[in-house]
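Scroll down for the structure; my scribbles are underneath it.
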Amino acid sequence: MKDYKKYFIIPAAPEEVYVALTNPSTIQLWSGDPSEMSTEPGSEFSLFEGNIVGKNLEFEEGKMLMQEWYFGDQADRSIVTIKLHPHKHGTSAELRHLNIPDEAYDDIVEGWNEAYFGALIEFYEDEL
C-alpha cells in the first residue's frame with residue numbers, strides 16, 4: 001500500500017471548485033463523463049464511467065471532501081481527502097490519497113494528475 005499527496009493550483013475560487021467536485025452536472029462538464037455524486041455522507045459515488053467508485057464520507061462546503069475509494073476486496077480502506085484553500089491564483093487543492101494498492105499506484109497517480117485535476121484545471125483555464 002502506498003500514499004500520495006500533492007497540491008494543485010486551480011484558477012477558480014474554492015467555492016467554485018467545491019461545486020465542480022461535488023455536483024454531478026458540473027463534474028460532467030469538466031470530466032466529459034456522466035457521474036453519480038451526492039454530498040450526503042454515506043452515499044455511493046461513481047466517476048469516469050464507473051472507473052472510480054466508492055462512498056462519500058464527509059463534506060465541509062467550499063472547503064473539504066472525504067471519500068472512500070473501492071479497490072476490490074482490499075482490507076485497508078483507501079481514503080481520499082481533498083482540502084480547498086484560497087490561493088492568490090484561485091484555489092490550492094490539497095490531495096491526500098491513503099492506502100493505494102501497489103499495483104494500482106502508477107495508474108492512480110497518473111489519473112489524479114491528468115484525468116482528474118488536469119482536466120479540472122484545463123476546464124477553468126478555458127473559462128478565463
Side-chain angles (χ1 to χ4, degrees):
M1 300 291 215
K2 294 181 181 178
D3 297 342
Y4 182 65
K5 182 175 182 177
K6 185 170 179 177
Y7 288 85
F8 297 89
I9 304 302
I10 303 164
E15 297 77 20
E16 290 180 70
V17 175
Y18 179 82
V19 169
L21 297 175
T22 58
N23 181 297
S25 300
T26 312
I27 293 168
Q28 184 168 351
L29 287 176
W30 62 263
S31 73
D33 295 314
S35 68
E36 294 176 28
M37 177 61 75
S38 164
T39 54
E40 187 68 36
S43 62
E44 304 255 318
F45 70 89
S46 174
L47 306 170
F48 297 99
E49 298 183 317
N51 288 316
I52 300 172
V53 292
K55 182 190 297 184
N56 291 308
L57 301 177
E58 189 179 329
F59 296 92
E60 189 175 343
E61 189 168 345
K63 296 183 178 187
M64 186 274 299
L65 63 120
M66 183 185 293
Q67 300 171 320
E68 177 182 355
W69 284 25
Y70 299 153
F71 291 100
D73 294 331
Q74 177 173 314
D76 295 324
R77 298 188 333 156
S78 184
I79 303 296
V80 168
T81 305
I82 300 172
K83 294 182 180 177
L84 306 174
H85 307 282
H87 185 275
K88 65 182 178 181
H89 297 295
T91 298
S92 171
E94 175 188 345
L95 165 71
R96 286 193 71 197
H97 191 163
L98 307 177
N99 295 325
I100 303 169
D102 292 344
E103 65 277 5
Y105 184 81
D106 290 340
D107 288 339
I108 292 295
V109 168
E110 181 180 328
W112 279 121
N113 291 322
E114 295 176 19
Y116 200 98
F117 280 104
L120 186 61
I121 291 165
E122 190 174 296
F123 173 75
Y124 281 110
E125 287 176 342
D126 290 347
E127 296 286 308
L128 298 177

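- At least one donor-acceptor pair closer than 3.5 Å links the side chain of Y124 to the backbone N or O of E16.
- Enclosure of atom CD in Q28 by more than 12 non-hydrogen atoms of other residues, nucleotides or ligands within 6.0 angstrom is indicated.
- The aromatic rings of W69 and Y116 are tilted relative to each other, their planes meeting at an angle between 30° and 60°.
- F123 and I121 fall within the same hydrophobic cluster, defined by Ile, Leu, Val, Met, Phe, Trp and Tyr side-chain heavy atoms under 4.5 Å apart, directly or through other members.
- Shortest non-hydrogen contact noted between P14 and G62 is CB-O, 3.6 Å.
- The distance from atom OG1 of T39 to atom CE of M37, rounded to the nearest 0.5 Å, is 9.5 Å.
- Looking at heavy atoms from C-beta onward, E36 lies out of side-chain contact with E44 at the 4.5 angstrom threshold.
- The closest side-chain heavy-atom distance from R77 to N99 is not below 4.5 Å.
- Note that the CG atom of D102 and the CG atom of D106 stand 10.0 Å from one another [nearest 0.5 Å].
- No chain of hydrophobic side-chain contacts below 4.5 Å, direct or via other Ile, Leu, Val, Met, Phe, Trp or Tyr residues, connects F71 to V53.
- Separation of atoms NZ (K55) and CE (M66) is listed at 13.5 Å; rounding is to 0.5 Å.
- Criterion: ILVMFWY side-chain heavy atoms under 4.5 Å apart, direct or through other members. Under it, V80 and Y7 are not part of a common hydrophobic cluster.
- Between Y18 and E60, every side-chain heavy-atom pair lies at or beyond the 4.5 Å cut-off.
- Annotation: side chain of E68 is in contact with side chain of I79 (closest heavy-atom distance under 4.5 Å).
- Atom OG of residue S31 and atom CD1 of residue I52 lie 9.5 Å apart, to the nearest 0.5 angstrom.
- At distances below 3.5 Å, at least one donor-acceptor pair connects side-chain atoms of T91 with backbone N or O atoms of A12.
- Put simply, CD1 on I10 and CD on E122 are 13.0 Å apart, with the number rounded to the nearest 0.5 Å.
- Follow the hydrophobic side-chain contacts under 4.5 Å out from Y105 and you never reach L98; the two are in separate clusters.
- Under a hydrophobic-cluster definition in which Ile, Leu, Val, Met, Phe, Trp and Tyr are linked whenever side-chain heavy atoms come within less than 4.5 Å, directly or via other members, L95 and M64 are assigned to different clusters.
- One finds the CD1 atom of I9 at 10.0 Å from the NE2 atom of H85 (value rounded to the nearest 0.5 Å).
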### Query
Checking side chain to side chain contact (heavy atoms under 4.5 Å, CB included) for the pair E15/E61: CA distance, chi angles, key distance, verdict?
CA-CA 8 Å; E15 297 77 20; E61 189 168 345; over 6 Å; no
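- In this structure, H97 and S78 have side chains that are in contact, with non-hydrogen atoms separated by less than 4.5 Å.
- With a 4.5 Å cut-off on side-chain heavy atoms, W30 and L21 count as touching.
- Checking side-chain atoms of N56 against main-chain N and O of F45 turns up no donor-acceptor pair under 3.5 Å.
- The backbone N or O of S46 sits nowhere less than 3.5 Å from a side-chain atom of S35 that would complete a donor-acceptor pair.
- Taking the side chain as every heavy atom from C-beta outward, K2 and I108 never approach each other to under 4.5 Å.
- The main-chain N or O of V19 is never found under 3.5 Å from a side-chain atom of N23 such that the two would form a donor-acceptor pair.
- A heavy-atom distance below 4.5 Å is not found between the side chains of F8 and I82.
- Residue Q67 comes nearest to L57 through the heavy atom pair C-CD1, 3.9 Å, listed as atom of the first residue, atom of the second, then distance.
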